[in-house]
Amino acid sequence: MKSIENMPKTYDPAGSEDRIYQNWLDKGYFHAVVNPDKKPFTIVIPPPNITGQLHMGHALDNTLQDSIIRFKRMQGYETLWLPGTDHASIATEAKIVDKMAQEGLKKEDVTREQFLERAWAWRKEYGGRIVNQLKKLGSSCDWERERFTMDEGLSKAVTEVFVRLYEKGLIYKGERITNWCPRCNTSISDIEVIYEEQDGHFWYINYPFADGSGSLMIATTRPETLLGDVAVAVNPEDEKYKDLVGKELILPLVGRRIPVIADDYVELGFGTGAVKITPAHDPNDFNVGARHNLEVIQIMDSRGVINENGGKYCGMDRFEARKQIVKDLEAEGLLVKVEPYKHNVGTCQRCGTTVEPFVSSQWYVKMKPLAEPAIKAVRDGKTRFIPQRFENIYFNWMENIQDWCISRQLWWGHRIPAYYCADCGKIIVAREKPAKCPDCGCETLEQDPDTLDTWFSSALWPFSTLGWPENTPELKYFYPTNVLVTGYDIIFFWVARMIFSGVEQMGEVPFRHVLIHGLVRDEQGRKMSKSLGNGIDPLEVIKDYGTDALRYSLISGNSPGNDQRFLTSKVEFARNFGNKIWNATRFVLMNFDDGVDFSNVDRADFTAEDKWILSLQNRLIKEVTDNMERYELGVALTKVTDFIWDVFCDWYIELVKPRLFDPENKSRLACMYVLNRVLVNSMKLLHPFMPFITEEIYQNLIKDAESIMISKWPEADDSLIDEAAEKELGLVIESIKSIRNIRTQMNVPNSVKTTVIFVTGSENFALIDESKGALKRLGFAQEIVTAEDESEAPGDSATAIIPGAKIFIPLRELIDVEKETARLTKELENIEYELKRVGGKLANEGFISKAPQRLIDQEREKLAKYEELRKSTAERLEKVKSMKELRKSTAERLEKVKSMKNN
RNA sequence: GGAGGCGUAGCUCAGCCGGUUAGAGCGUUCGGUUCACAUCCGAAAGGUCGAGGGUUCGAGUCCCCCCGUCUCCACCA
């Protein structure tokens, strides 16, 4: 074992990670195949946008997935983590438009084909960037199966689904009011609208009656829409306005005669009770208009510019028009007042522009029939959310779902497979462009110019990536996938849509579990955002601390569904932990004999501490495996860390040193064996989280090792669970802690070695004897003495009384009687408190009759233990007190002698 | 308007199905250069688990209500 030569004092991630990752790639460990001999375990990646740059959200999401997939791989599943990217129609199109703007070009300056050429070129150049960044994270994706939402196969899936839904009557085209972004110049779906509270105004405007009998006052937050008003509505129950219904008003600035109508939609007591109705530019007004058969007058174009219906305001931007209209109303004396008003304004998720409700012809998916079975599937537990509370969010949305607007006035994306006959106008939805119109035989057919919402293709991701609509072996084997890992922010956008698509197209949910995580915030708890400039680049963190440290910091100390703050102190801790295990390994290797051979280790040579740590590690394996299976990664990682640092490094290694350094010791080989075994297993348990350093250590530790990532996940061996050993070592550790505590309190420097006297039952003699080396080392003792009776201990000893032993440390003049008294008094108080608590419990009739026997026995045992401790501690305290008196009187005598002399 | 999260040590957070003396990291105080590691080791201080009520033999954990805080959904011109 000369590996130690490769191991400097501190672990250097930069020197290892790329090399290790390349090796994994070369060996093909990430690749999954259809293997009937193994059970599959599948995750499909949430495909990042090709415009994406790795951010902390990706880092968290992918670290979770990689940790799960590595765990399952080691458990022996045929694991597929299927990666890929999303074409992100609107985001990418915006990038291309921006880039063209730099050349002084507008989108309209090029043809659709030229534009798409640019887009594909852009994709080729930048689309792989995020993939390489995912690799830096250590992601063990099957890169041979990488997919892109606009690949040929996936596009075919999109067309297939569109056609099927259309044929089932679940996709229709309709002229409706939709959310529209004037900047992106496209329709957007309801969930792409972000409502923001903004400071606005309430403008109160008088609409004069046509008969000259005064006027009716309305209030609006968007005065420019006045141009499209076709009525004013009041509530039919409104006494104030009852007589006005049916009368006509003159629309200010426009002069159009519009009726006063009655509609329930108007809320009594809000505003003036009279509402202007603009069907073309407000969704509620659109519905009112439909009920009353009102005209729909569009006054703006798709860019938010007032059109010819706006008369003299034609050509003005909507906000410019707003100002001018207010000014003109004021001039005409029709503006009554202006009030400041806070209200919610819909903005475009992509660009932040105020959304404009806009009437246009769009394609919709009829949602109710799709939602129902998807709701049922989750109700029936076919898919479970972790944590479960997110199911409520899913249900709430799905139960109140509106039809989904899927057409976009964009070029980059999947083009809608609908064709229009130039002659008769028939709409033909088909997988391939038909040769001629089936109705009129006309051969001029135009394909719909629009593309589909990006999420339409993402919704098919779990099966389109596996080859659907072909019935591939992959699809059969890997579908449904096991777990989907994603943030709560895209449950509606993506998770819900995958579920109803999977249920509809495959007849089976796309995944069994949905593991939801929260956001990674900055140190102050703010959302990381470009505008705040508070984002932390994961690649920078990797550069400074290593990938494993980053991954560790993202997983540890947080639980599913909760947001977390990104703390540099946490990354530092993780880096330190890496270094700790690195050095533990160095220590182990340093002390191994050359060519050490464990094949003839005799279990009979195992000492108490060997049995103890093997027992604890086997408990750990059970717990961690259980936590991993329940996706409690944070808990699992904490447990592994505590075990490695506290149990293995701080106790086991320290306890074992006397044996290891003594070439004559007969259990030396056993100890090397245990060191090796425990360390290797620990690295395996840690590997899903810290893949690189564990691989590096594994390679150093095991000669000719292939790779930790394909090694077998440790299995617990119940025969190694040893309660007696745990109890014994518990006593040793408690003893050492007590000794250290006393020494610190009494300010005894480490250089001063003391004698330690154990008064303990004979059953522990052998144990103390066996542990002498460790006790001496760790308790800074010169010698360890066992005694039958405490009378053998000198009076001027500090004492620790613990269950199973009384420990005396003769300190002579070093002893501080005051402190010792205080310490023992506090000890006694604690014991009394516990006695009261336990005693009370056992005196409780209800506890005795209803609590499980196991607990009652435990409490009884405790009571006996504390009673014993109280007796011993009280006795000891009395002795120390009398010692104090003695000292005091001695001091007084001395004083006396002195003063006599002076006289 | 509806739904949900969070409130546990100075800070950031764990704490599953209710059951040892409620934990960790950072920070703080004190002490440590013997050959794995100062990216370290040892010792310690620090919490009536937001308030109140209830269920229970037993509540940080379950229920109700209130306070504070954050988020999501809906959206009233």
Side-chain angles (χ1 to χ4, degrees), chain A residues 4 7 9-11 190-191 195 202 218-222 225 233 265-267 270-278 282-285 341 343-344 346 387 389-390 392-393 396-397 400 488-489 491-492 518-519 523 525 545 549 556-559 561-565 567-570 572-591 626-627 630 632 634-635 638 641-642 649-650 653-654 657 661 736-737 740-745 747-751 778 780 830-831 833-834 837-838 841 844-852 854-856 858-859 862 866:
Chain A
I4 185 68
M7 298 182 74
K9 272 173 84 166
T10 47
Y11 171 62
D190 297 345
I191 49 175
Y195 287 92
F202 234 162
I218 59 95
T220 181
T221 55
R222 293 192 299 155
T225 60
Y265 155 70
V266 181
E267 197 185 318
F270 185 83
T272 66
V275 183
K276 63 194 264 322
I277 301 298
T278 324
D282 183 281
N284 290 304
D285 293 8
Y341 187 62
H343 63 147
N344 281 334
R389 70 181 126 95
F390 287 100
N392 289 332
I393 293 178
N396 186 37
W397 192 68
N400 299 298
Y488 56 68
D489 48 337
I491 290 176
F492 305 140
L519 263 41
E523 300 229 357
Y545 297 93
S556 75
N558 102 298
S559 50
N562 287 352
D563 289 355
Q564 61 176 304
R565 298 184 195 211
L567 303 172
T568 306
S569 61
K570 223 165 143 186
E572 272 170 16
F573 173 79
R575 191 243 350 236
N576 295 353
F577 176 56
N579 200 53
K580 184 73 186 176
I581 61 177
W582 184 254
N583 276 288
T585 308
R586 290 181 66 232
F587 172 81
V588 167
L589 288 173
M590 254 171 217
N591 290 288
D626 188 51
N627 288 132
R630 293 153 66 172
E632 296 164 348
V635 177
T638 302
T641 305
D642 289 350
C649 292
D650 289 348
I653 286 184
E654 294 305 329
K657 275 177 180 173
F661 295 160
I736 292 169
K737 283 187 169 175
R740 285 169 173 174
N741 184 314
I742 289 173
R743 292 178 56 99
T744 304
Q745 302 241 343
N747 296 319
V748 183
N750 288 354
S751 53
L778 305 181
F780 301 97
N830 287 345
I831 292 166
Y833 176 82
E834 281 309 310
R837 211 183 50 82
V838 177
K841 236 181 193 179
N844 185 332
E845 197 55 44
F847 181 74
I848 298 299
S849 59
K850 293 189 179 166
R854 181 182 54 85
L855 276 172
I856 297 170
Q858 243 177 52
E859 293 299 313
K862 234 185 275 175
Y866 282 120

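Numbers restart at 1 for each chain; the letters A, B, ... are given by sequence-line order, proteins then strands.
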Checklist entry - Taking the side chain of A:Arg389 as its heavy atoms from C-beta onward, which of B:rG5, B:rA77, B:rG42 lies nearest to it? => result B:rG5
Item to check | Proximal nucleotide (of B:rA77, B:rA36, B:rG15) relative to the A:Val275 side chain | outcome: B:rA77
Checklist entry - Taking the inter-plane angle between the rings of A:Tyr341 and A:His343 on a 0 to 90° scale, is it parallel (under 30°), tilted (30 to 60°) or perpendicular (over 60°)? => result tilted
Checking only heavy atoms, does the side chain of [X] share a donor-acceptor pair with the base of [N] at less than 3.5 Å?
| X | N | value |
| --- | --- | --- |
| A:Asn344 | B:rC75 | yes |
| A:Glu654 | B:rA36 | yes |
| A:Arg630 | B:rC16 | yes |
| A:Arg575 | B:rU39 | yes |
| A:Lys9 | B:rC37 | no |

Under a 3.5 Å limit for both distances, which nucleotide forms a Watson-Crick or G-U wobble pair with [N], could you say?
| N | value |
| --- | --- |
| B:rG1 | B:rC73 |
| B:rG42 | B:rC30 |
| B:rA36 | none |
| B:rA51 | none |

Checklist entry - Are the side chain of A:Asn583 and the backbone of A:Asn579 linked by a donor-acceptor contact shorter than 3.5 Å? => result yes
Contact class for [X] vs. all strands (heavy atom < 4.0 Å): base, sugar-phosphate, or nothing?
| X | result |
| --- | --- |
| A:Leu567 | sugar-phosphate |
| A:Tyr195 | base |
| A:Lys862 | sugar-phosphate |
| A:Asn392 | nothing |
| A:Gly557 | sugar-phosphate |
| A:Tyr341 | sugar-phosphate |
| A:Asn562 | sugar-phosphate |
| A:Phe573 | sugar-phosphate |
| A:Asn591 | nothing |
| A:Val588 | nothing |

Next on the checklist: Quick check on RNA chain B: between A:Asn741 and A:Lys657, whose nearest nucleotide comes earlier from the 5' end?
Outcome noted: A:Lys657
Next on the checklist: Can you confirm whether more than 12 heavy atoms, excluding those of A:Lys657, are under 6.0 Å from its NZ atom?
Outcome noted: yes
Item to check | A:Phe661, CZ: over 12 other non-hydrogen atoms inside 6.0 angstrom | outcome: yes
Using OP1 and OP2 only, check whether a side-chain N or O of [X] sits under 4.0 Å from [N].
| X | N | answer |
| --- | --- | --- |
| A:Arg743 | B:rG42 | no |
| A:Asn750 | B:rG42 | no |
| A:Tyr11 | B:rC37 | no |
| A:Ser849 | B:rC57 | no |

Next on the checklist: Measuring only between side-chain heavy atoms, which start at C-beta, is A:Thr10 closer than 4.5 Å to A:Trp582?
Outcome noted: no
